[in-house]
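Step one of this worksheet: look at the structure below.
Residue numbers begin at 1 in each chain, while the letters A, B, ... track the order of the sequences. Just so we're clear, the structure is a prediction, and the values are computed from it rather than from any experiment.
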Amino acid sequence: MNRRPSFLIIAGLTLCAGLLLSSVAAAALKIEITQGVEGAVPVAVVPFKWKGPTPRPPEDVSAIVRNDLVRSGRFDPLPAKDLLARPDSDSTIHFPNWRLIGSDYLVVGNVDFLGGDQYRIRFRVYDVFKGQQLDGYRMTVSGKRLRRAAHHASDIIYKLLTGEPGAFNTEIAYVTAQGAGDQRKYTLWVADSDGYNAQALLNSHEPILSPAWSPDGKRLAYASLEDRGHQVVYVQTVATGQRQRVSAHPGLNGAPAWSPDGRRLALSLSKDGNPEIYVLDLASKRLRRLTRHWAIDTEPAWTPDGKAIVFTSDRGGSPQIYRVSLAGGRAERLTFEGGYNARAEVSPDGRQIAMIHRTQGRFRVAVLDLESGELRILTDGMLDESPSFAPNGSMIIYATNSGSHGVLAAVSVDGRVRQRLSVQEGDVREPAWSPFEN
Amino acid sequence: MKFWVKSALAILPALLLLGCGTPGKVQEEGAGGMGQATQQEVGAEQGAMAQGAGSEGGMEGEHMGAESMATEAAPLDPLEDPNSPLATRVIYFDFDKSEIKPEYREVLNAHAEYLATHPDVHVTIEGHADERGTREYNMALGERRANAVKRLLVLQGVADDQIRVISYGEERPVALGHNEEAWALNRRAVIDYER
């Protein structure tokens, strides 16, 4: 975490683009684990052996892997100084030594410079007690992709050791707000899931809301008030920055949510006088109205099968979560516990709904199990907002307050692992976890 | 709160006058008593009115006294009168509610009457929510509050196209605390006269 800012300062001076780059550095998310799993699995990640023309590779691949495993809360990697030996993927492993220091698993590897801008990563994962290799992998990448390749390695290791896919090689979009009054500046960012490589996508003096990833991870839909306070929905391509106004009807145009096939956006539009749920076909621009009620209908989210939409409505007198089929028919109320349930998101497996739930005057992230009807409160903040599932369904990222400061936090769906993600200055809010990289 | 808004409105013209003077004069007058400033305030406001907008930038601060105002008597715009109900531009709401409380009827009647009789005047009604709850729901709630104000004005003869409604949801708080006092100030609709 410490290497990045100094690198950026040097780059900034050399390129005379200090302003832009230092804002990137200042906005980098710092991630701390605030609560890990008791009995996290001890694993030894040996620094990968480097072979190349410089003393060090451009990215410390094994350190990235170690940090990812720590961040998951499920693993307890041994400190590098406690390692008795530094084998690589070509070494013979002396398993009894690794058993002695209490490591259940062992990860060894190499990074080789191949010439040009190409690098090869090789690594092996061993079960120390069985004295067996679980698997071995090789990948060739450009220097620019080394960090992503390291996260990909973490995903592979995580899957080998837990049986579930990892979500390290993913990104998060979020919004920061800095400054006061007329000088208040809002920025939409995209960063790697570990907070690195933060890139500003949009700067505005007006609020930016509800960033949502397209299912292919290439575009973001969001609502912006930049047009004299008129809420308008844009779709922006992350790689090029190119954007398109997709909904600018009179009244509110907000809460965009991509259909699983990426062809449609569910929106909340108030052009008829009050907010209703609509589905916009992005290619034909055709709009289809899904709700018809004088109440507020907003914050739509798709079920993974694309057949229904859950949304917030106060048609029953207080905000609650409802579900409506795309085939038509009446909206069915899903939440009955508590006087405020809003901003639902459906888990990737479709079995749970995360939402903001008010309990004793506090607004917290809760998860509703659709089959059992059980509601579990996962967080302990006063004003928690915007829950977003990791694509593997293991964690939920959300916005919370720390002091009077807006920060992001993540909690595992079982409530056992907690992380806090903060920027150095300003408020962070509206996190959205990207889908898996294709 | 109201007292502060009113005093700020009362002092504003005096400040504007001071701003027009030379830097030296500003300092002298700044040291003067409150009574003096109030005297100046009336003269300044009426003087500026009589002279019209064109001479706003003129450096005639010293002549804007009682004599120049006597020559031409233009009616005061009631919008500028700090004692008129029109001076109240902010209406407050209960949590998750958009019903207009009876105490604001008189104020809104005054705005309706003014707008109905000045069809060329336009307002933007900005709806806001406190920070509790979710952002998009609060955008909707802010809009519903602004629409509640608009509906009342339209019912009393204000033309639909005189009023623009926007919502800032919870995005633009005026009070930054995380307590009931701050929240109460943030749950509001603001009538903003465009000029």
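A:P275 and A:L252 make their closest contact through CG-CD1, 4.4 Å (heavy atoms, listed as atom of the first residue, atom of the second, distance).
With a 4.5 Å cut-off on non-hydrogen atoms, B:E180 does not touch chain A at all. Residue contact with chain B, scored on non-hydrogen atoms closer than 4.5 Å, is absent for A:A399. Interface residue A:I356: only side-chain heavy atoms are found under 4.5 Å from chain B. Of the atoms belonging to A:N401, it is side-chain heavy atoms, and not backbone ones, that fall under 4.5 Å from chain B. For A:R429, the part sitting under 4.5 Å from any heavy atom of chain B is the side chain, from C-beta outward, and nothing else. Interface residue A:I296: backbone and side-chain heavy atoms are both found under 4.5 Å from chain B. Only the side chain of A:T312 comes within less than 4.5 Å of a heavy atom in chain B; its backbone stays farther off. Only the side chain of B:R144 comes within less than 4.5 Å of a heavy atom of chain A; its backbone N, CA, C and O stay farther away. Contact annotation for B:E171: both backbone and side-chain heavy atoms come within less than 4.5 Å of a heavy atom of chain A. The part of A:E430 that comes within reach of chain B is its side chain, from C-beta onward, which places non-hydrogen atoms under 4.5 angstrom from that chain.
By the 4.0 Å N-to-carboxylate-O rule, B:R187 lies close enough to B:D130 to be salt-bridged with it.
Among the candidates A:E299, A:R343, A:E385, the single residue satisfying the side chain to side chain donor-acceptor pair (under 3.5 Å) test with B:T134 is A:E299.
Aromatic rings of B:H111 and B:Y193 (six-membered ring for Trp) have centroids within the 6.0 Å cut-off, being under it.
Using the six-membered ring where Trp is involved, A:Y234 and A:Y222 have ring planes that are parallel, under 30° apart on the 30 and 60° scheme. Note on ring orientation: taking the six-membered ring where Trp is involved, the planes of A:F363 and A:Y340 are perpendicular (angle over 60°, cut-offs 30° and 60°).
Here CZ of B:R164 is found 8.5 Å from NE2 of A:H230. Values are rounded to the nearest 0.5 Å.
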